[in-house]
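Note: hydrogens, waters and symmetry copies are ignored here, and every other heavy atom, side chains too, is used. Here is how names work: the chains are called A, B, and so on, in the same order as the sequence lines, proteins then strands, and each is numbered from 1.
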2 protein chains.
Amino acid sequence: MQTTTITPRWLDAEQQVIWRAFLSGTNRVFTELDAELRRFGLDLGEYEILVNLSESPDHELRMSELADRVRQSRSRLTHTVGRMEAKGILVRNACPSDGRGVNARLTEHGYALLVEAAPYHVESVRRALVDVVDPADFEALGRAMVAVVDAPAAE
Amino acid sequence: MQTTTITPRWLDAEQQVIWRAFLSGTNRVFTELDAELRRFGLDLGEYEILVNLSESPDHELRMSELADRVRQSRSRLTHTVGRMEAKGILVRNACPSDGRGVNARLTEHGYALLVEAAPYHVESVRRALVDVVDPADFEALGRAMVAVVDAPAAE
DNA sequence: CATCAGTGATTGAAACCTCAACATCGCGTA
DNA sequence: TACGCGATGTTGAGGTTTCAATCACTGATG
């Protein structure tokens, strides 16, 4: 019998430091954003839903399309959208062109909430990340994250 | 009456692109890591607990110290450690030098689990981030994250 | 037209996290 | 010694996410 053994390619000391800074730094950023959004009764996941709807025609989007854009599972999105609907932030309607589909659409109140929260949100993004990082490093960060997203999916 | 009005300093187009890449990229990295760790019945939060205990004398750490290192609330850590204890990964003992304190210590089984999972974990860190990013950009990423962590806390 | 595999969305239970309240203990001070 | 504030951990309730199962509909195939 033979097991597939892995010879670990450990990170070197510097990579290790960078990796741990990544863990701490991302944690710090998201903690800060959530703290700011909480003042509007939102979290980052809900805020991204608002943004994506607001950028779509009629402030409306199919659930599945929305799930892809905010990187949430369909199930999670159903639950979250259900709560947001209960708060009057958006409404759901059957999709006219596809009997399986459901459209989520911002209400007036939901759009007003986004308009109100957005300036504070962008300020927290600056405070936590954009304004504290050297501009050249910030651009490199962008390239790095694009490379991550564009990397082929694991098997 | 007068309200404090904010003149939003919106992100410019390029900053916007980088910010969204950051959201997608970090999500991609953490999704990949969790998927790999799930094969060992762990998530990233639990894995970081294992790592921090394993790097400490006697594989043991005060709960509060551990909470700081893994950036989890005390409450969350109590719950998580409780579940890990139930699985036999670690044990809790009263701290001899401080009646309030509790030490968490890895069991043999817990350490063996870490030893087993670590090579796959590091491989996923490489696959998701380290190996797909240009080395110079990776270093810049490190500087950026250090700047984020070192930034003064918001009021 | 009948079937059937695939897609879109939801459901409910279990697992997990958050939040506020609480219990306990250490330490400085009078 | 007694007081009281601050720190350490835990608890349980309530809210959120995950996971697998399910329902409904579409489109293709025979």
Side-chain angles (χ1 to χ4, degrees), chain A residues 26-27 30-50 52-53 56 60-87 89-105, chain B residues 26-27 30-49 52-53 60-87 89-105:
Chain A
T26 54
N27 180 78
F30 291 123
T31 300
E32 188 114 353
L33 299 196
D34 271 332
E36 189 72 50
L37 286 170
R38 191 175 330 110
R39 317 201 298 114
F40 300 93
L42 297 168
D43 63 21
L44 185 57
E46 295 169 322
Y47 185 83
E48 287 196 77
I49 291 172
L50 291 185
N52 277 279
L53 290 177
S56 299
E60 186 171 51
L61 225 41
R62 282 285 289 274
M63 289 291 282
S64 57
E65 174 67 21
L66 184 54
D68 289 345
R69 295 203 198 188
V70 300
R71 305 170 302 282
Q72 293 186 20
S73 70
R74 282 159 159 67
S75 176
R76 178 178 172 186
L77 186 67
T78 294
H79 287 298
T80 303
V81 162
R83 291 190 297 269
M84 294 172 81
E85 189 170 28
K87 293 185 202 168
I89 293 174
L90 49 75
V91 292
R92 275 180 291 191
N93 300 106
C95 175
S97 61
D98 185 337
R100 298 164 299 183
V102 171
N103 283 324
R105 187 168 51 74
Chain B
T26 54
N27 179 78
F30 291 123
T31 300
E32 188 114 352
L33 298 196
D34 272 331
E36 190 71 51
L37 286 170
R38 190 176 330 111
R39 317 202 297 117
F40 300 93
L42 297 169
D43 63 21
L44 186 56
E46 294 169 322
Y47 185 83
E48 287 196 75
I49 291 171
N52 277 279
L53 290 177
E60 185 171 51
L61 225 40
R62 282 284 289 275
M63 289 291 283
S64 58
E65 174 66 21
L66 184 54
D68 289 345
R69 295 201 197 187
V70 301
R71 305 171 303 283
Q72 292 187 19
S73 70
R74 282 159 160 62
S75 177
R76 179 179 171 186
L77 186 67
T78 294
H79 287 298
T80 304
V81 162
R83 289 190 298 268
M84 294 172 81
E85 189 171 28
K87 291 185 202 167
I89 293 174
L90 48 75
V91 292
R92 275 181 290 192
N93 299 106
C95 176
S97 61
D98 185 337
R100 298 165 299 182
V102 171
N103 283 324
R105 187 169 52 75

Measure the shortest side-chain to side-chain distance between V102(B) and V81(B) over non-hydrogen atoms and say whether it is less than 4.5 angstrom.
-> no
Respond yes when some side-chain nitrogen or oxygen of R76(A) is under 4.0 Å from OP1 or OP2 of dC19(D), and no when none is.
-> no
Go through the structure and list residues passing side chain to side chain contact (heavy atoms under 4.5 Å, CB included) with R38(A), not counting sequence neighbours.
-> A35(A)
Overall bend of the helix from dC1(C)-dG30(D) to dA30(C)-dT1(D) (five pairs an end, 10° steps) is 10°
Tell me which residues in residues 92-99 of chain A put a heavy atom below 4.0 Å from DNA chain D, sorted by number, or none.
-> D98(A), G99(A)
Taking all atoms of both residues into account, what is the closest heavy-atom pair of L44(B) and D34(B), and its distance?
-> N-OD1, 3.0 Å
Flag the pair S64(A) / R100(A) as yes when at least one side-chain heavy-atom distance between them is below 4.5 Å, and no otherwise.
-> no
Proximity to DNA chain D (any heavy atom under 4.0 Å), residues of residues 39-49 of chain B only = none
All N/O contacts under 3.5 Å from nucleotides 3-7 of chain D to the protein, with atom names and distances to one decimal?
| residue | atom | partner | partner atom | Å |
| --- | --- | --- | --- | --- |
| dG6(D) | N2 | R100(B) | NH1 | 3.3 |

Locate the shortest heavy-atom distance separating L53(A) from A104(A); write the atom from each residue and the value.
-> CD2-O, 3.5 Å
For a side-chain contact (heavy atoms from CB on, under 4.5 Å) with V70(A), tell me which candidate from E48(A), E46(A), R76(A), E65(A) qualifies.
-> E48(A)
What are the two closest non-hydrogen atoms of R62(B) and C95(B), and how far apart are they?
-> NH1-SG, 3.6 Å
Minimum side-chain heavy-atom gap I89(A)-I49(A) below 4.5 Å = no
Mind checking whether L42(A) and K87(A) have side chains closer than 4.5 Å, heavy atoms only?
-> no
Check whether any side-chain heavy atom of Y47(B) sits under 4.5 Å from a side-chain heavy atom of L33(B), and report yes or no.
-> no
Just one of L77(B), D68(B), N103(B) clears the side-chain contact (heavy atoms from CB on, under 4.5 Å) bar with M63(B), so which one?
-> L77(B)
Do R71(B) and T31(A) come within less than 4.5 Å of each other through their side chains, counting heavy atoms only?
-> no
Quickly work out the M84(A) CE to dT16(D) P distance and round it to whole Å.
-> 11 Å
Rounded to whole angstrom units, what separation is found between the CE atom of M63(A) and the P atom of dA24(D)?
-> 18 Å
At under 4.0 Å, does any side-chain N or O of S64(B) touch on OP1 or OP2 of dG9(D)?
-> yes
Assert: residue with more 5' nearest nucleotide on DNA chain C, out of R83(B) and S75(A), is S75(A)
Would you name the heavy atoms of R69(B) and L61(B) that are closest together and state the gap between them?
-> NH2-CD1, 3.9 Å
If you pin H79(B) and R62(B) to their nearest nucleotides in DNA chain D, which one's is more 5'?
-> R62(B)
Distance in angstrom units between L77(A) CG and dC19(D) P, rounded | 16 Å
Nucleotide interval of DNA chain C bounded by contacts with chain A (heavy-atom cut-off, under 4.0 Å) | dG6(C) to dC19(C)
Atom pair CG (L66(B)) and CD (E60(B)), whose distance is rounded to the nearest 0.5 Å | 11.5 Å
